[in-house]
Structure formats: structure tokens, C-alpha cells
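Below, read A as the first sequence line, B as the second, and so on, with proteins coming before strands; counting in each chain starts at 1.
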There are 2 protein chains.
Amino acid sequence: MKKTQKRSECPISRTLDLFGDKWTLLIIRDIAFKGHRFYNEFLDSDEGIATNVLSDRLKMLETKGFLVSKKYEQLKTKKVYTLTDEGIGLIPLVLDMLVWGYKFDNSLAVQPGIIERIENDRDNFIAEIVTALKNYDAKNFC
Amino acid sequence: MKKTQKRSECPISRTLDLFGDKWTLLIIRDIAFKGHRFYNEFLDSDEGIATNVLSDRLKMLETKGFLVSKKYEQLKTKKVYTLTDEGIGLIPLVLDMLVWGYKFDNSLAVQPGIIERIENDRDNFIAEIVTALKNYDAKNFC
DNA sequence: TTGCTCACTTGTTTTTTGCAAGTAAGAAGA
DNA sequence: TCTTCTTACTTGCAAAAAACAAGTGAGCAA
């Protein structure tokens, strides 16, 4: 599993210890902004994560308490992955990456009006995302 | 140099293409929040970046336009690294990592009151950091 | 001219990632 | 019951990146 050892007492460094890689926050994005819940949905994302890296990151996220998995009762070979409250706490960070990425290159794909909402109505917007998540009704924002 | 190829049209993924590693944003932190300007100052940070990785990341950041380097006139073996406006645009992202890291583990070291300022007075606070930077008077926040 | 400082580069080992293939458990059809 | 899928992984190997140690060359300083 990816190392998450503490390199220093700086909280920025600590955040990067945990999420300083190209894949972990994409899994959070997939759950929060695309409503993905199953292994094969994560595998099929546009970026093309490798199956062993996905397996590794899901384990790390579960071990650290950012998500939980349980058996999917409708089809018992499947597992459902959902964010814990700790995992939901990552949404602001991912939203800022969305804003930054769009400002860096505004030819990238985003839903209309979303940048303005994140900037001007941030707290309500986050609350809406969380509600949608809990109702299994996440919107696709990118 | 670290790969920064575009994996998809998603702006979150694009941000991670550029900054999804354990070191690049620490250099931005060092400049913005610690006032570091010289190669050996970055090298001496608590996290212990390797000299080849530092060299690589500085090159990438300069190539992509997030910072510029020029000869230090007082001592010509030295180079001064400073953020461009593009680089300054990364400060909000790094601030959110500070907040997230501290909430994840509030035994980590931060200046008193800083979390509240980031959350309640974000725009002014960012403006202050930028002003301090331009006056070569950056504060150490972590 | 000798010995520093400084910003790197080079070479080697270790770790992590990427890719292809395989596996085991459960479902679904004959 | 037997075979064949699907699903969530694991395994093995090659390639890339990071870590570590040791240079190098340009500019000062005595």
C-alpha cells in the first residue's frame, strides 16, 4: 500500500502524505461527483486507473476511515463503496481542484455555472452534494 | 521530469496531473508561507526533499510558468525563485490542504487563529499573504 | 591558488506504478 | 449438476520514479 507516513508536523505536508498522488482523490471525485459505488465503475473512469492501483487505494481509504465497503445484497459478488463523514470532509478540497483546474485551462469540461456556485455559494453547494450523495442521486460535475 | 500529461477532460484530474505528487505543492508552500527563495532553503525543509527531485520540480514549475528564477545579484552563485501570478493562484489550494490536514489531526503545528481566518476571512487573508510575499516578508504558518 | 559555497548532475538502489494475466466466489442458464 | 459469466480482486514482471550518495563546475573569499 502507498506510504502515508508523516514526514513533518506541517498539516499541508500531512495532507500530501495521504493524498499526494494521482489517483486517490479521483476515487473520492467518482463517489462524490459521479455517484460511483462499485469497483468496475471506478475502473471504467476516463483516466484508466490500473486494477491493482485501484484495489490498493480503496484499501488505504477504507483502512484510514474515508470510506466503507459492504456486500451489495442485490448481487453478492459486488461490493458497495460509500464515503464516511471523514471522506465527505474531502469534498471541499476536491472542489477547489475543480476550480483551479478550470481556471488553469478553461477548455476543460465542467457543468455550466458550477464555478460560480463553488465560489459564491460554497457552503450551500457542498450541503447539496452531501444530500444528493445520501439519496444515491449524485450529479456529474465533470 | 514528472509526467504532466492530460489523462482526461476533467479539471480535477487535470489538477492532479500537475500537482498530484508529494513534493510540488510543498515548494509552493515554502515560497508562499515560509518566504523561502533559494535552492538550499527548499532542500532544508523538514520533509527532506532529495536534491534531484527538487531540481526536477523547480524545472517543471518554471517550465509551466508557476515560478521564475533569476540570478541573485548579492551572490551570483545563487538563484532567487519567486512565484508568478499563476503560482500565486495555487495559494487557495494549499490553504485548503492546511485546513484539511489540521482537521484530520489537530495535534499538528499551526499558528493560532489561522484556521478561523482561512474559513471566515479567506479572501482578505489570501490578499495579505500575497502582499507579504511581494514585500519579501512572508509569515511562517506551519 | 587553495578552499569554500552553491546549484545543480550523475549513477545506483529501492520503491512504486503500469500492464497482462490469473483466480476464487457467487450467479445464471442448460 | 455442469458450464459459463461476472465481479473483485491477486500475482508477476517490466518500466518509471524516488531516494541516496557522490560528483561537478561556476563564482566568491583569503
Side-chain angles (χ1 to χ4, degrees), chain A residues 1-8 13 16-27 30-31 35-64 66-82, chain B residues 1-8 13 16-27 30-31 34-64 67-82:
Chain A
M1 201 182 310
K2 190 172 74 79
K3 281 211 188 101
T4 57
Q5 281 178 314
K6 180 156 67 170
R7 291 175 294 173
S8 78
S13 156
L16 290 166
D17 293 340
L18 291 156
F19 296 103
D21 82 305
K22 294 197 189 308
W23 298 110
T24 310
L25 288 175
L26 288 185
I27 296 173
D30 282 354
I31 302 179
H36 290 183
R37 290 183 295 154
F38 303 112
Y39 194 89
N40 58 352
E41 292 181 305
F42 302 126
L43 258 194
D44 292 345
S45 276
D46 290 341
E47 293 81 15
I49 190 169
T51 178
N52 55 342
V53 175
L54 174 58
S55 171
D56 177 279
R57 296 302 190 275
L58 287 171
K59 247 173 233 162
M60 186 277 272
L61 287 167
E62 195 166 5
T63 302
K64 302 274 179 188
F66 299 109
L67 50 80
V68 285
S69 67
K70 56 179 183 180
K71 193 176 280 181
Y72 185 55
E73 287 305 325
Q74 287 93 314
L75 204 155
K76 289 183 181 159
T77 44
K78 282 194 166 193
K79 275 171 130 183
V80 194
Y81 292 92
T82 45
Chain B
M1 203 183 307
K2 189 173 74 81
K3 280 208 190 103
T4 57
Q5 281 178 313
K6 181 157 66 169
R7 291 175 295 173
S8 78
S13 155
L16 290 167
D17 293 340
L18 291 156
F19 296 103
D21 81 305
K22 293 197 189 306
W23 297 110
T24 311
L25 287 175
L26 288 186
I27 296 173
D30 282 354
I31 301 178
K34 299 190 173 192
H36 289 184
R37 291 182 294 153
F38 303 112
Y39 194 90
N40 60 351
E41 293 180 304
F42 302 127
L43 258 193
D44 291 344
S45 277
D46 290 341
E47 293 81 15
I49 190 169
T51 177
N52 56 343
V53 175
L54 175 58
S55 171
D56 178 278
R57 295 303 188 276
L58 287 171
K59 247 172 233 163
M60 185 277 271
L61 286 167
E62 195 166 6
T63 302
K64 301 276 178 186
L67 51 82
V68 285
S69 67
K70 57 178 186 180
K71 193 176 280 183
Y72 184 56
E73 287 306 324
Q74 287 91 318
L75 204 154
K76 289 181 180 159
T77 45
K78 283 194 166 192
K79 274 171 131 183
V80 194
Y81 291 92
T82 45

What residues form a side chain to side chain contact (heavy atoms under 4.5 Å, CB included) with [X], not counting sequence neighbours?
{"X": "B:K6", "value": "A:D105, A:L108, B:E9, B:R14, B:D17"}
{"X": "A:K64", "value": "A:T4, A:L18, A:M60, A:F66"}
{"X": "A:Q74", "value": "A:Y72"}
{"X": "B:T82", "value": "B:V68, B:V80"}

Could you state the atom-to-atom distance from [atom1] of [X] to [atom2] of [N] in whole Å?
{"X": "A:D21", "N": "D:dA17", "atom1": "CG", "atom2": "P", "answer": "14 Å"}
{"X": "A:I49", "N": "C:dC19", "atom1": "CD1", "atom2": "P", "answer": "12 Å"}
{"X": "B:I27", "N": "C:dC8", "atom1": "CD1", "atom2": "C1'", "answer": "14 Å"}
{"X": "B:M60", "N": "D:dA17", "atom1": "CE", "atom2": "C1'", "answer": "14 Å"}
{"X": "A:Q74", "N": "C:dA28", "atom1": "CD", "atom2": "C1'", "answer": "17 Å"}
{"X": "A:L54", "N": "C:dG18", "atom1": "CG", "atom2": "P", "answer": "12 Å"}
{"X": "A:E47", "N": "C:dG18", "atom1": "CD", "atom2": "P", "answer": "12 Å"}
{"X": "B:R7", "N": "C:dT17", "atom1": "CZ", "atom2": "P", "answer": "12 Å"}

Review item, side-chain donor-acceptor pairs of residues 38-55 of chain A, under 3.5 Å, at least two apart:
| from | atom 1 | to | atom 2 | distance (Å) |
| --- | --- | --- | --- | --- |
| A:Y39 | OH | A:T51 | O | 2.9 |
| A:Y39 | OH | A:T51 | OG1 | 2.8 |
| A:E41 | OE1 | A:R37 | N | 2.6 |
| A:E41 | OE1 | A:F38 | N | 2.9 |
| A:S45 | OG | A:D30 | OD1 | 3.4 |
| A:S45 | OG | A:D30 | OD2 | 2.6 |
| A:E47 | OE1 | A:R29 | NH2 | 2.9 |
| A:E47 | OE2 | A:R29 | NH1 | 2.9 |
| A:E47 | OE2 | B:S8 | OG | 2.6 |

What N/O pairs connect the protein and nucleotides 7-14 of chain D at under 3.5 Å? Give each pair on its own line.
| from | atom 1 | to | atom 2 | distance (Å) |
| --- | --- | --- | --- | --- |
| D:dA8 | OP2 | A:N40 | N | 3.2 |
| D:dC9 | OP1 | A:K79 | NZ | 3.3 |
| D:dC9 | OP2 | A:Y81 | OH | 2.1 |
| D:dT10 | OP1 | A:K59 | NZ | 2.8 |
| D:dT10 | OP2 | A:S55 | OG | 2.7 |
| D:dT10 | OP2 | A:K59 | NZ | 2.8 |

Looking at C:dT16, I'd like to know if its phosphate oxygens (OP1 or OP2) sit under 4.0 Å from a side-chain N or O belonging to A:W23.
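Indeed not, no polar side-chain atom of A:W23 lies that close.
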With a 4.5 Å limit on heavy-atom distance, are the side chains of A:F19 and B:L16 in contact?
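No. Closest side-chain heavy atoms not under 4.5 Å.
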If you assign each of A:K71 and A:G48 to its closest nucleotide in DNA chain C, which residue comes earlier from the 5' end?
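So the residue in question is A:G48.
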